[in-house]
Asks: 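My structure is below; once you've seen it, I'll send some questions.
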Amino acid sequence: AFPSANGNGRLRLISNSKTNNSIIRADTGGTIEITGITVTQGPGGLIVADGGTIDLVSSQTINGGVLRAINGGTIVKPTSGNISLNDVSLQGDLEVLPAAGVIYNSTAFDCQGTITLNDTNSTSNSFIQFNANTVIAGGGTIFLGGDGPLELRASVIVDGDIDDDGGADITLSALSASGADDADTRVVTVDDGDDGASIEATLIGLIVRDGVSRGDGGGIHVAAGDALTMRDGAVRDNRTDRFNGGGVYGGEGARLSFENVSIADNAAEGAFDSGGGLRLERFGALTLVDSRVTGNSATLEGGGLSIHQDVA
């Protein structure tokens with residue numbers, strides 16, 4: 001195992017790749033700093049903030065094993081740089097500071113803790129991004145807490161129905177913590193960034209809530225030409241205060257499909273906003289199966305749904 005950091009000590013892991021088949025531990029008062037490297041963990045590999053701090057400086061990759069916080073320990077991704085996680089089990093809270101990001105590249109994400117994107121007062125977004133068809137397990141919560149939505153930039157499946165009972169087991173919230181009133185971000189964006197291409201994202205067993213956006217789509221924004229399928233979940237308590245689609249927004253040519261989904265209590269609150277529950281632009285397509293659109297509101301038109309006339 002690597003030596004532990006304890007007391008006021010700081011252990012820095014820098015340069016070259018590292019292999020961990022045992023424990024990297026930050027004891028009370030100590031800090032383990034992992035800077036700009038790749039750490040590959042074996043089946044017993046564990047990086048643990050045991051009362052201390054795991055400081056993920058610059059950009060790094062962790063492959064396999066467990067990332068854990070216990071006994072008041074903290075795991076922090078400081079400003080700038082991204083952490084890439086591949087087949088890692090998160091068993092504790094991960095705080096992501098402004099201008100930093102979490103990129104998950106594997107098909108299974110065991111999220112037993114809370115991921116908090118802490119950039120409410122920053123002009124530089126922090127973010128979390130999934131680049132693979134990902135099944136989320138563990139019953140954790142992702143608090144976005146700032147200006148950085150969950151970004152889906154490829155044709156991915158994010159599955160939060162842990163027990164396969166057709167219910168939603170994972171919550172994606174724009175708040176910084178349970179009970180807070182500080183949302184300042186949309187929750188999910190589906191956009192590959194290429195106007196000439198198209199992606200198809202699927203959300204299963206997820207509750208998307210508490211989003212606040214000054215652009216289109218308070219809860220979910222699907223860019224022009226892209227597609228979203230959502231099953232066994234909910235989009236609720238989201239709002240936009242300047243544009244359209246308090247709950248969901250689909251751009252020109254976007255394809256939206258909802259099955260067993262509740263779109264409820266969302267609002268488009270700006271003076272000329274439409275589609276409290278959902279707004280879909282021209283040349284798009286909308287499918288609703290066993291879904292409910294209730295309790296939504298809009299200032300201009302379409303409290304529940306606002307659909308352009310050229311929609312299939």
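Numbering starts at 1 and runs along the sequence shown.
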Asks: Got a donor-acceptor contact below 3.5 angstrom from the Asn266 side chain to the Ala264 backbone?
Replies: yes
Asks: If we count only N and O atoms by modelled type, under 3.5 Å, do the side chains of Thr35 and Ser58 hold a donor and an acceptor together?
Replies: no
Asks: Is Val235 reachable from Val212 through a run of hydrophobic residues whose side-chain heavy atoms are each under 4.5 Å from the next?
Replies: no
Asks: Between the main-chain N or O of Gly218 and the side-chain N or O of Ser213, is there a donor-acceptor pair closer than 3.5 Å?
Replies: no
Asks: What are the two closest heavy atoms between Leu56 and Ile75, and how far apart are they?
Replies: CD1-CG2, 4.0 Å
Asks: Is there a path of hydrophobic side-chain contacts, each under 4.5 Å between heavy atoms, that joins Tyr249 and Leu228?
Replies: no
Asks: State whether a side-chain donor-acceptor pair under 3.5 Å links Asp210 with Ser173.
Replies: yes
Asks: I'd like to check Asp27 versus Asn71 (side-chain heavy atoms, cut-off strictly below 4.5 Å). Are they in contact?
Replies: no
Asks: Of Asp164, Leu206, Asn260, Leu203, which meets side chain to side chain contact (heavy atoms under 4.5 Å, CB included) against Asp232?
Replies: Asn260
Asks: Is any side-chain heavy atom of Phe258 closer than 4.5 Å to a side-chain heavy atom of Asp290?
Replies: no
Asks: Without swapping roles, check the side chain of Arg186 against the backbone of Gly217 for a donor-acceptor pair under 3.5 Å.
Replies: yes
Asks: Are the side chains of Ser257 and Arg231 in contact, using a 4.5 Å heavy-atom criterion?
Replies: no
Asks: For the pair Glu269 and Arg242, find out whether any cationic side-chain nitrogen is under 4.0 Å from an anionic carboxylate oxygen.
Replies: no
Asks: Backbone N or O of Gly225 within a donor-acceptor pair of the Arg255 side chain at under 3.5 Å?
Replies: yes
Asks: Would Lys18 and Ile37 count as a side-chain contact (heavy atoms from CB on, under 4.5 Å) here? Give the steps.
Replies: CA-CA 8 Å; Lys18 312 295 182 185; Ile37 63 171; 3.4 Å; yes
Asks: Hey, any chance Val156 and Ile170 share a hydrophobic cluster, counting ILVMFWY side chains that come within less than 4.5 Å of each other, even indirectly?
Replies: yes
Asks: I'd like to know if the side chain of Asn296 and the backbone of Thr294 have a donor-acceptor N/O pair within less than 3.5 Å.
Replies: yes
Asks: Any donor-acceptor pair under 3.5 Å linking the side chain of Asp161 with the backbone of Gly166?
Replies: yes
Asks: Walk me through whether Arg25 and Asp50 qualify under salt bridge (charged side-chain N to carboxylate O under 4.0 Å, His left out).
Replies: CA-CA 7 Å; Arg25 183 193 309 273; Asp50 187 358; 3.2 Å; yes
Asks: Tell me whether His221 contacts the main-chain N or O of Asp216 through its side chain, where contact means a donor paired with an acceptor under 3.5 Å.
Replies: yes
Asks: Within the side chain of Thr229, is there an N or O that forms a donor-acceptor pair under 3.5 Å with the backbone of Thr202?
Replies: no
Asks: Looking only at heavy atoms, what is the nearest atom pair of Leu97 and Glu95, with distance?
Replies: CD2-OE2, 3.6 Å
Asks: Show your reasoning for whether salt bridge (charged side-chain N to carboxylate O under 4.0 Å, His left out) applies to Asp55 and Arg10.
Replies: CA-CA 10 Å; Asp55 203 357; Arg10 175 179 287 266; 3.8 Å; yes
Asks: Give a yes-or-no answer on whether the side chains of Glu33 and Thr31 include a donor-acceptor pair shorter than 3.5 Å.
Replies: no
Asks: With no hydrogens and no angle check, is any side-chain donor or acceptor of Asp165 less than 3.5 Å from a backbone partner on Gly167?
Replies: yes
Asks: Checking Asn238 side chain against Gly211 main chain: does a donor-acceptor pair fall under 3.5 Å?
Replies: yes
Asks: Do Val57 and Val39 share a hydrophobic cluster (ILVMFWY, side-chain heavy atoms under 4.5 Å, transitive)?
Replies: no
Asks: Considering residues at least two apart in sequence or located in another chain, which fulfil the side-chain contact (heavy atoms from CB on, under 4.5 Å) criterion with Ser274?
Replies: Asn244, Leu300, Glu301, Ser306
Asks: Which pair of heavy atoms, one from Ala268 and one from Phe243, lies closest together, and at what distance?
Replies: CB-O, 4.2 Å
Asks: Restricting to side-chain contact (heavy atoms from CB on, under 4.5 Å), what partner residues turn up for Asp265, sequence neighbours left out?
Replies: Asp237
Asks: Of the non-hydrogen atoms in Lys77 and Ile83, which two are nearest, and what is the gap between them?
Replies: CE-N, 3.8 Å
